[in-house]
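Okay, structure first, notes after.
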Amino acid sequence: MTDYGAYEVVVGLEVHAQLLTKSKLFCGDSIAFGAEPNTHVSPITLGHPGTLPKMNKKAIDFAIKMGLACHCDIEKNNHFARKNYFYPDLPKGYQVSQHTTPICIGGFIKIKTGSSADPIAIGSAGDKNIQLNRIHLEEDAGKSLHDVDDENTCIDYNRAGTPLIEIVTEPDLRSGEEAVAFLTEIRKLVRYLEICDGNMEEGSLRCDANISVRKKGDTELGTKVEIKNLNSIRNVKRAIEAEAKRLIELLDNGQNIIQQTRGFNADNGTTFAIRDKEDADDYRYFAEPDLTPFHLQDDFIETIRRSIPVLPEQRLKNYISAWELSAYDAAVLTEEKKFADYFEKIIFFLPSSRGEEPGLSTEASAKVGLRPKAAANWMIGPVKTWLNENRKEINEFPLPPEKIAALIALIDSGKLSFSMAVSKIFPQLLKEPGKNPEEIATEQNLLQQSDVSDIGPVIDKVLEKFADKVVEYKKGKKGLLALFTGEVMKQSKGKADPKIVNELLLKKLKS
C-alpha cells in the first residue's frame, strides 16, 4: 500500500452505474450503446416545453436490487428533485435526481485489503466494510465531444436521460488500492445482479473520487477535492495517488487547499482544475413537479429480494466448503456470474463417482461425490485459455457444458488421458461442436487400453528390453519406474491407461 508519510489520505467514491433497462428513465427512448449521435432522442429527452416524464419501473426494481445486495435500508416514500445547473449536454437545464429521499440508505460493501494473507478467507484481518451513505436514482446527461470538429464542441444527446444509480460511499477508503478493491467489487456485483454491464470503457460504469488528506491521528476531515469522470479502475488508482501527492505538497509548503472539481489527465498522470466545487445549496434542489411521489410496498420489495441470485461471496464460500475447492480456484470461478454458471452446469451434467445419474442440484451434487475439482481444472485451464486467446466471454464459448462434462467422464472412466483430451479432443470439438468427445476419440484411435490382457504383453516386452535397468530398480533405484512407464506408453502409442500401467509394473517388478 502506498506510504504517505506523516499524512493519511481519505477517499470517498461516487460511482455511477448505467442500468440495463431497455429505455430511458423518464421516456421510451432506447439506451442502446453505439447508435449514431442524436438518434435516440425525443422531445422529452431534449426537454421541449410541455413534455411530461413518465417513470421507468424497471429502473426502480434495479435500484432496490442493488440496495438489498449492499445491505441498505430501502426508503419506501420516494420523490425526485430537480438539480439545477447549466451544462451544454444537459438539455433541460436541470437534472432529475433524488436528493432528500435516496431510494437506498446506508449499507456497506465488503472489500479485501492488501493485509489479508488469504484473499478469500472470509472474516480475516484483510476484510473491510466500506460504509455507504446512499444509493439513489438519477438521469444521465448527454455527452460533449471535443474531437469531432476542430473549432466546435459537438453534443450527442443519446445518453441524456439514461437511468443511473449513484453509489455514494462514506469517506472510508484510505488508498488507491482500497478504491480499486471497492470498484472491483461494485463491478462484480452489478454484473451478478445483471443490472449493469460494468463496462467502464463505454461509460456504463463511471467514478468520481473525493480526496482529502490530514495528519495521521487527526479526526477532522481536510478540505476535499473531487476528481470527475474516471473511466477505468486503473485510472482511479492513479488519480487518487497523484492528487494525494499534490495535496500533501501544498500542505508541506504552507499553502491552502481550495475545494474544487478537477479532471485527470491519463497521458501524464496529473490532475487539473475544472471549477471551484459547488455545495448542495448551489444546485437549488426542489421537488420535481412533473413526477408524483411513489410509495414502495413491503411485498414489492420482498419480491425483488427473492429475485437476487447467489452473490459472489456466498458462492465462493460454497465452493470452498461444500466442494472443497482451493481459495484460488473459487476466486477465479466466481469472478464472473456467467463463468460460474457454466462451471456449475458442467457439474450438473457429470455422472457421480458413485454411479448416480447426472442432473442433480448443486447442493445435492456435493453429497454424491461429483467431480467439481475436475470441472474447475477445465474451466481455469483449457476453457479460460481459449477465451483469453480469442478475446471472448463465456457466453460466446462454442461448446455447451455437457460436452466438457462428457470429456471429464471419459477421463474418469479411464478411456482417455487428460493430456490427450486437452491436446487432441478439445481442439477437434471446437471445430466440430456437433460431435461428442467419445466419437472423436474413436475416430482418431485415441481411446485408452484398460484391458490387462492388452497391456500386460507390452509391459513384458519393455521389462525384457531393459533387463539391466530392472536389476538396478530392484537394488533401490525406484526412479527408474518413470522410464518403464514412459516406454510402455510409447509402445502403446499413448493408448495404455497410465494408472493401470503403473499398477501392473509395480506388481511385475515385485515378482
Side-chain angles (χ1 to χ4, degrees), residues 10-19 21 25 55-56 58-85 94-111 128-141 162-173 178-179 182-183 185-187 189-190 193 195-196 198 204-212 221 224 226-230 236 261 277-288 291 293-296 300-301 304-305 308 311:
V10 180
V11 180
L13 297 181
E14 299 171 10
V15 183
H16 295 82
Q18 184 181 111
L19 299 177
T21 56
L25 188 55
M55 187 63 210
N56 187 328
K58 181 58 72 173
I60 295 174
D61 293 0
F62 285 170
I64 294 171
K65 185 178 284 190
M66 184 65 177
L68 293 173
C70 295
H71 319 283
C72 301
D73 294 325
I74 305 302
E75 174 60 54
K76 294 179 183 176
N77 295 304
N78 289 261
H79 71 265
F80 282 90
R82 289 188 181 182
K83 181 180 180 181
N84 295 275
Y85 64 98
Y94 59 85
Q95 179 189 34
V96 179
S97 179
Q98 289 184 309
H99 178 53
T100 55
T101 61
I103 195 167
C104 308
I105 303 168
F108 66 89
I109 291 177
K110 183 178 291 185
I111 67 168
K128 180 177 180 179
N129 289 340
I130 304 302
Q131 300 298 320
L132 303 183
N133 176 279
R134 58 163 60 195
I135 300 173
H136 64 261
L137 277 161
E138 64 184 22
E139 62 177 343
D140 206 350
T162 294
L164 301 175
I165 51 170
E166 182 174 350
I167 304 145
V168 182
T169 78
E170 297 291 356
D172 271 5
L173 299 150
E178 288 191 359
F182 179 82
L183 283 170
E185 287 303 313
I186 285 281
R187 185 171 62 181
L189 192 55
V190 296
L193 295 172
I195 63 172
C196 172
S204 52
L205 193 69
R206 307 192 298 277
C207 179
D208 302 335
N210 294 291
I211 306 161
S212 65
L221 294 173
K224 71 177 179 180
E226 183 179 28
I227 312 295
K228 295 288 286 184
N229 295 326
L230 297 166
V236 170
T261 299
K277 175 62 180 170
E278 300 92 344
D279 289 314
D281 291 343
D282 297 319
Y283 292 122
R284 296 176 289 115
Y285 283 100
F286 63 87
E288 167 57 70
L291 285 166
F294 60 94
H295 177 79
L296 301 174
F300 176 72
I301 296 171
I304 295 172
R305 190 190 301 274
I308 295 175
L311 296 176

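By the 4.5 Å heavy-atom criterion applied to side chains, Tyr94 and Lys83 are not counted as neighbours. Side-chain atoms of Arg206 and Leu164, non-hydrogen and from C-beta on, do get closer than 4.5 Å to each other. Counting only heavy atoms from C-beta outward, the side chains of Ile60 and Leu296 approach each other to under 4.5 Å. Contact of the Val11 side chain with the Glu178 side chain is not registered, since no non-hydrogen atoms from C-beta on lie closer than 4.5 Å. In this structure, Ile135 and Gln98 have side chains that are not in contact, with every pair of non-hydrogen atoms separated by 4.5 Å or more. Residues Phe62 and Leu137 form no side-chain contact, since every pair of their non-hydrogen atoms from C-beta on lies 4.5 Å or further apart. Side-chain contact check for Val168 versus His136: some heavy-atom pair is nearer than 4.5 Å. Met55 places a side-chain heavy atom less than 4.5 Å from the side chain of Leu25.
The two residues Ala17 and Cys196 have their closest heavy-atom pair at CB-SG, 4.0 Å. Counting all heavy atoms, side chain and backbone alike, Cys70 lies closest to Leu132 at CB-CD1, 3.8 Å. When all heavy atoms of Phe182 and Thr169 are compared, the pair lying nearest together is CZ-CG2, 3.4 Å. The minimum heavy-atom distance linking Ala63 with Ile165 is given by the pair CB-CG2, 3.7 Å. Closest approach of Cys104 and Ile74 over heavy atoms only: SG-CD1, 4.0 Å. Annotation for Asp172 and Gln131: closest pair OD2-N, 2.9 Å, computed over non-hydrogen atoms.
Between Tyr285 and His99, the ring planes are parallel. Angles under 30° get that label, and only those over 60° would be called perpendicular.
Atom CG of Leu205 sits about 7.0 Å away from atom CD1 of Ile167, to the nearest 0.5 Å. Between the CG atom of Asp140 and the CD atom of Gln95 there is a distance of 7.5 Å, given to the nearest 0.5 Å. Atom CG in Asn133 sits 9.5 Å away from atom CD in Glu14 (nearest 0.5 Å). In this structure, CG on Leu19 lies 10.0 Å from CE on Met66, to the nearest 0.5 angstrom. Atom CG of residue Asn210 and atom OG1 of residue Thr261 lie 8.5 Å apart, to the nearest 0.5 angstrom. From Ile195, atom CD1 reaches atom CD1 of Ile64 across 11.5 Å, with rounding to the nearest 0.5 Å.
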Between Lys110 and Asn129, does a side chain to side chain contact (heavy atoms under 4.5 Å, CB included) hold up when you go through it step by step? CA-CA 4 Å; Lys110 183 178 291 185; Asn129 289 340; 3.6 Å; yes
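Side chain of Asn77 to backbone of His295: no donor-acceptor contact under 3.5 angstrom is found. Side-chain atoms of Glu170 do not come within 3.5 Å of backbone N or O of Ile130 as any donor-acceptor pair. Listed for the Thr101 side chain is a donor-acceptor partner under 3.5 Å among the backbone atoms of His79. Proximity of a side-chain donor or acceptor of Glu185 to a complementary backbone N or O of Ile111 within less than 3.5 Å is not detected.
By the salt bridge (Lys or Arg N to Asp or Glu O under 4.0 Å) test, Glu138 is found to be paired with no residue, residues two or more places apart in sequence or in another chain being considered.
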